[in-house]
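Scroll down for the structure; my scribbles are underneath it.
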2 protein chains.
Amino acid sequence: MRLNLNKIIITMQALKATLQKEGLRYTRQRQEIWNELRSSDEHRDAEEIFFTLRKRGLNISRATVYRTIDVLVKNNLLDKLDIGDGRARFEYNEKYFHHDHLVCTRCGKIFEFHNDNIEELQNEIAKQKNFKILHHNHQLFGICEDCQ
Amino acid sequence: MRLNLNKIIITMQALKATLQKEGLRYTRQRQEIWNELRSSDEHRDAEEIFFTLRKRGLNISRATVYRTIDVLVKNNLLDKLDIGDGRARFEYNEKYFHHDHLVCTRCGKIFEFHNDNIEELQNEIAKQKNFKILHHNHQLFGICEDCQ
DNA sequence: ATATTAATGAGACTTAATCTCAATAAAATA
DNA sequence: TATTTTATTGAGATTAAGTCTCATTAATAT
């Protein structure tokens, strides 16, 4: 309870601080979108955020949702996740717990994984090619335990 | 010269064999599309294949290009590559030389890499979660040597 | 040579995402 | 606090990748 409240306050401050740093305005819409993205740990897409906010009675535009999500991604408050279904998904960027994804091609469920060795090997590959990594995409597609 | 010729013949036979195995027809259009995809090692997209064939005077439909590429991917003659620019790319599936990609976010160039350790670690992750891997996506995004 | 039926072409349609522009509302300033 | 400035917004038009439909065509089986 208290923890959740703190979490929300802290992340609203993170939003405000980021926007100020960039000279952008701390608007009602940006707060609502950020809040919505923070309200669950699922991998949400822009259309879904848009419709959720509309259902809740907020008179928000689709364009605002897309524009705000862009701002959040560019400022590393959100990570963009592409599971190859033609729709970008977004999740809170937990700076100290990076992870990649397993995607079940039967039921669509998304599982997370993290492996330090793979991260290290990626860095070595980049170093060898004198390539400066900014971010990466790593998904394993297949059939999950339940679907087999 | 001889090698290239053999390569084309072999891969046309691969196409024919795959189509027969699936009870599909060996049509002029499928031959042309496969040939076009084989004619360069670049990472091609469907629209580009479509326009290239039209420019060459072939009266082919966009739908046929997309449908044929689907068939080729499903039968593992092509690998689908998604570098996150909203367009699917395709490349000849070299069964004995699997690779993943480094993508320069400045110039768009695509570099290939292969790392057996990463492949093995992926298998371990899947095993731990009792997940049956079918394929994977692995891209490192960043700035290439030339662009730095 | 003919019959069967999968594949094709044309273009309408879908869907995610972007763009435009007049109206609005944060934030800066007085 | 009232006013000014200018970024942001909403509505909906637009774009772009990809899919769908259906009458026609052409591979393959007979």
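At a threshold of 4.0 angstrom between heavy atoms, the contacts of B:N59 are confined to the sugar-phosphate backbone, with no base atom among them. Across all strands, B:R67 comes closer than 4.0 Å to base atoms (heavy-atom distances). Base engagement by B:R25 is indicated by at least one non-hydrogen atom pair under 4.0 Å involving a base atom.
Within the structure, every pair that satisfies the side-chain hydrogen bond (donor to acceptor under 3.5 Å, both in side chains) test and touches residues 67-82 of chain A, not counting sequence neighbours, is listed here: A:T64-A:R67.
B:H114 and B:F97 have tilted rings, their planes meeting at an angle from 30° to 60° on a 0 to 90° scale.
Computed from coordinates, the B:Y26 OH to C:dT8 P distance equals 13 Å when rounded to whole Å. Taking atom CG of residue B:L19 and atom C1' of nucleotide C:dA6, one finds them 12 Å apart after rounding to whole Å. Atom C1' of nucleotide C:dA12 and atom CZ of B:R62 are separated by 12 Å, given to the nearest angstrom. With rounding to whole Å, A:Q29 atom CD is found 10 Å from C:dT24 atom C1'. When the P atom of C:dT8 is taken as reference, atom CG of B:L58 falls 11 Å away, rounded to whole Å. The distance between atom CZ of B:R87 and atom P of C:dT18, rounded to the nearest whole Å, is 14 Å. Rounded to whole Å, the distance from CD on B:Q31 to P on C:dA7 is 14 Å. B:I60 has its CD1 atom 16 Å from the P atom of C:dG11, to the nearest Å.
Mapping A:R30 and B:A63 onto DNA chain D via the closest heavy atom, the residue that lands nearer the 5' end is A:R30. Along DNA chain D, the nucleotide nearest to B:A88 and the one nearest to A:L24 differ in position, and the one closer to the 5' end is contacted by A:L24.
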- Might you work through the side chain to side chain donor-acceptor pair (under 3.5 Å) test for B:N137 and B:Q139, ending with a clear yes or no? CA-CA 7 Å; B:N137 239 352; B:Q139 289 100 32; 3.3 Å; yes

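For the residue pair A:E91/A:H99, the side-chain donor-acceptor check at 3.5 Å is satisfied.
Aromatic ring centres of A:H138 and A:H101 lie farther apart than the 6.0 Å criterion allows.
Here A:Y66 reaches the OP1 or OP2 of C:dA17: one of its side-chain N or O atoms lies under 4.0 Å away. The side chain of A:T27 contributes no N or O atom lying less than 4.0 Å from OP1 or OP2 of C:dA26.
Separation of atoms CZ (B:F50) and CG (B:D45) is listed at 12.5 Å; rounding is to 0.5 Å.
Along DNA chain D, read 5' to 3', the first and last nucleotides having any atom under 4.0 Å from a heavy atom of chain B are D:dA17 to D:dT28.
Residues A:F131 and A:I125 are not in side-chain contact: their nearest non-hydrogen atoms beyond the backbone lie 4.5 Å or more apart.
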